[in-house]
There are 2 protein chains.
Amino acid sequence: MSENEIQCSCEGCHLKTVVYNSLNDADILSVCGDRRECRYSKGDVIIEENAEIKEFIYLKSGLVKIFRKVADGREQILNIATPMEFVSLLSVFSEKYYKFSISALDETSVCVISLDLIKSLIISNGNFALGLMEKMSKNADKIILQNLSLNMKNLRGRIAYILLIFSKDIYKSECFDLPVSRKEIAQLIDMTTENVIRILSEFRRDNIIKINGKNIEIVNLKVLEQISIHG
Amino acid sequence: MSENEIQCSCEGCHLKTVVYNSLNDADILSVCGDRRECRYSKGDVIIEENAEIKEFIYLKSGLVKIFRKVADGREQILNIATPMEFVSLLSVFSEKYYKFSISALDETSVCVISLDLIKSLIISNGNFALGLMEKMSKNADKIILQNLSLNMKNLRGRIAYILLIFSKDIYKSECFDLPVSRKEIAQLIDMTTENVIRILSEFRRDNIIKINGKNIEIVNLKVLEQISIHG
DNA sequence: CGCGGCTTTGATGTTCATCAAGTAAAGTGG
DNA sequence: CCACTTTACTTGATGAACATCAAAGCCGCG
């Protein structure tokens with residue numbers, strides 16, 4: 001777990017453009033004074049399940065997976081979070097300990113702010129509170145809807161769906177490197193590793209995608225979208 | 001949609017004991033003045049998908065299902081909400097229109113408060129904001145965890161799981177009347193109506209439960225819990 | 001009374017997980 | 001740097017789990 005702290009000003013930070021818009025200069029200064037920035041490499045654990053929730057974590061850049069451990073060492077991935085997301089937004093205000101783990105899928109830097117400071121800002125600054133609630137609401141909605149959507153699809157539909165998320169939401173390109181292994185895709189969309197591979201191979205055979213190791217190129221977007229909807 | 005308004009004082013209301021604890025007398029008075037109480041009968045629609053979000057809704061008593069419509073008239077149920085829950089807590093701060101519908105599974109009464117008033121309370125009263133965020137966080141966590149748990153279970157495990165939720169969380173008794181049809185159970189735990197019935201019959205045959213129409217009695221709790229965990 | 005929705009059971013076929021076996025890639029220690 | 005081990009990837013064969021189809025009884029409601 002390589003964890004290097006870096007000093008930087010909050011001036012150009014994305015944070016300001018998200019919820020921190022509602023903070024005045026004094027508030028920003030206190031956040032700025034309190035916060036640390038941490039960098040992680042692919043594979044590093046950022047948050048460990050069952051650890052005490054003491055801090056509020058914001059994803060500045062990179063990519064992370066949010067997951068939980070289930071029986072016999074297996075893992076269930078519930079979301080892949082992209083920059084500008086408050087990754088610890090799930091249990092953070094209701095629980096004492098994390099219910100999920102978070103680890104880096106890529107070079108990732110996060111901002112860490114003490115939860116007490118955030119709570120005092122919520123109490124003293126209503127607009128900040130409202131902005132944060134909006135974020136929480138969006139975040140939860142997205143995860144819940146994604147889950148519901150996946151549940152009603154067959155395996156081909158799920159693979160198509162997740163490829164489209166990588167393409168449209170995460171990389172905004174029809175050609176991208178998968179940030180996860182086949183096994184992790186399986187853990188994310190609830191199927192076996194073998195079937196992930198099998199169906200990717202099918203899609204390649206049918207000239208819907210090109211595969212080169214981790215690299216995926218979507219050749220026939222229309223068909224992929226059809227499969228995503230209609231299995 | 002039978003919707004009768006009733007006047008009542010907020011004095012003995014559950015609301016106070018949940019988040020409204022943090023409200024002072026003046027705030028309570030303004031909530032009290034603004035709010036309406038509505039009653040619904042089994043089957044009544046309380047919130048319609050795609051309707052504009054203008055109000056904040058709190059479930060005082062009864063039972064409701066939160067669901068969404070998918071292709072060819074099918075429905076997917078994402079949660080059954082019990083009293084003391086803010087049923088509109090999902091999209092309410094992030095979206096302009098509801099993404100889900102809510103309908104009564106039983107005689108139900110809800111409190112309706114204008115969203116603007118709630119927002120102004122959030123802004124003016126930090127502790128209220130914090131309390132509400134706690135509620136939102138718990139609510140989302142519960143739905144997400146329930147979904148993840150269901151996903152990894154086989155059909156027998158899912159039926160056992162949902163029976164235990166009815167027994168422990170909702171009715172707090174080992175004998176209860178199902179508030180939903182077999183079909184709705186299927187929509188809630190993602191399987192077919194036929195298999196819901198088949199597995200309930202299996203459980204009866206194995207003396208794990210007794211069935212009498214909608215009435216269920218859990219005879220062998222231990223075994224049901226085992227099935228819920230290990231399929 | 002009859003119609004439509006809910007419930008139930010059985011038979012059948014499809015989808016998917018599991019098992020097995022092999023190749024490729026990537027990390028590890030001498 | 002190379003042998004060695006481990007982990008990721010891939011394909012095929014098999015069987016189990018599950019959805020679908022079909023048919024019939026039941027119940028409430030107009």
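All chains are named by letter (A, B, ...) in the order of the sequence lines, taking the proteins before the strands, and each is independently numbered beginning at 1.
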Calculate the interatomic distance between [X] atom [atom1] and [N] atom [atom2]; express it in whole Å.
X: B/R182; N: D/dG25; atom1: CZ; atom2: P; answer: 19 Å
X: A/K183; N: D/dT6; atom1: NZ; atom2: P; answer: 15 Å
X: B/K42; N: D/dG28; atom1: NZ; atom2: P; answer: 13 Å
X: A/I159; N: D/dC9; atom1: CD1; atom2: P; answer: 13 Å
X: A/F203; N: D/dT10; atom1: CZ; atom2: C1'; answer: 17 Å
X: A/M191; N: D/dT10; atom1: CE; atom2: P; answer: 13 Å
X: B/L200; N: C/dC6; atom1: CG; atom2: P; answer: 16 Å
X: A/H230; N: C/dT15; atom1: NE2; atom2: C1'; answer: 19 Å

SB check A/R68 A/E49 (cutoff 4.0 Å) = no
request  = Before accepting this row, confirm whether a basic side-chain N of the pair A/K65/A/E184 lies closer than 4.0 Å to the acidic partner's carboxylate O.
outcome  = yes
key: Non-hydrogen side-chain atoms of B/E95 and A/D141 separated by less than 4.5 Å   =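 A side-chain contact under 4.5 Å exists here.
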key: Residue pair A/K153 / A/Y161, side-chain heavy-atom distance below 4.5 Å   = yes
query = Have B/D190 and B/N151 got a donor and an acceptor in their side chains that come within less than 3.5 Å?
reply = no
At 4.0 Å (heavy atoms only), tell me whether [X] reaches a base, stays on the sugar-phosphate, or touches nothing.
X: A/S181; answer: sugar-phosphate
X: A/L155; answer: sugar-phosphate
X: B/S201; answer: sugar-phosphate

[N] phosphate, OP1 or OP2: any side-chain N/O from [X] under 4.0 angstrom?
X: B/K214; N: C/dT7; answer: yes
X: B/R198; N: C/dT8; answer: no
X: A/N195; N: C/dC16; answer: no
X: B/R204; N: C/dT9; answer: yes

key: Donor-acceptor pair under 3.5 Å, A/E194 side chain vs C/dC19 base   =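 Between C/dC19 and A/E194, which were checked side chain against base, a qualifying N/O pair under 3.5 Å is present.
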ask   = Which of the following nucleotides, D/dA8, C/dC16, C/dC19, is nearest to the side chain of A/N154?
value =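 Shortest atom-to-atom distance from the side chain points to C/dC16.
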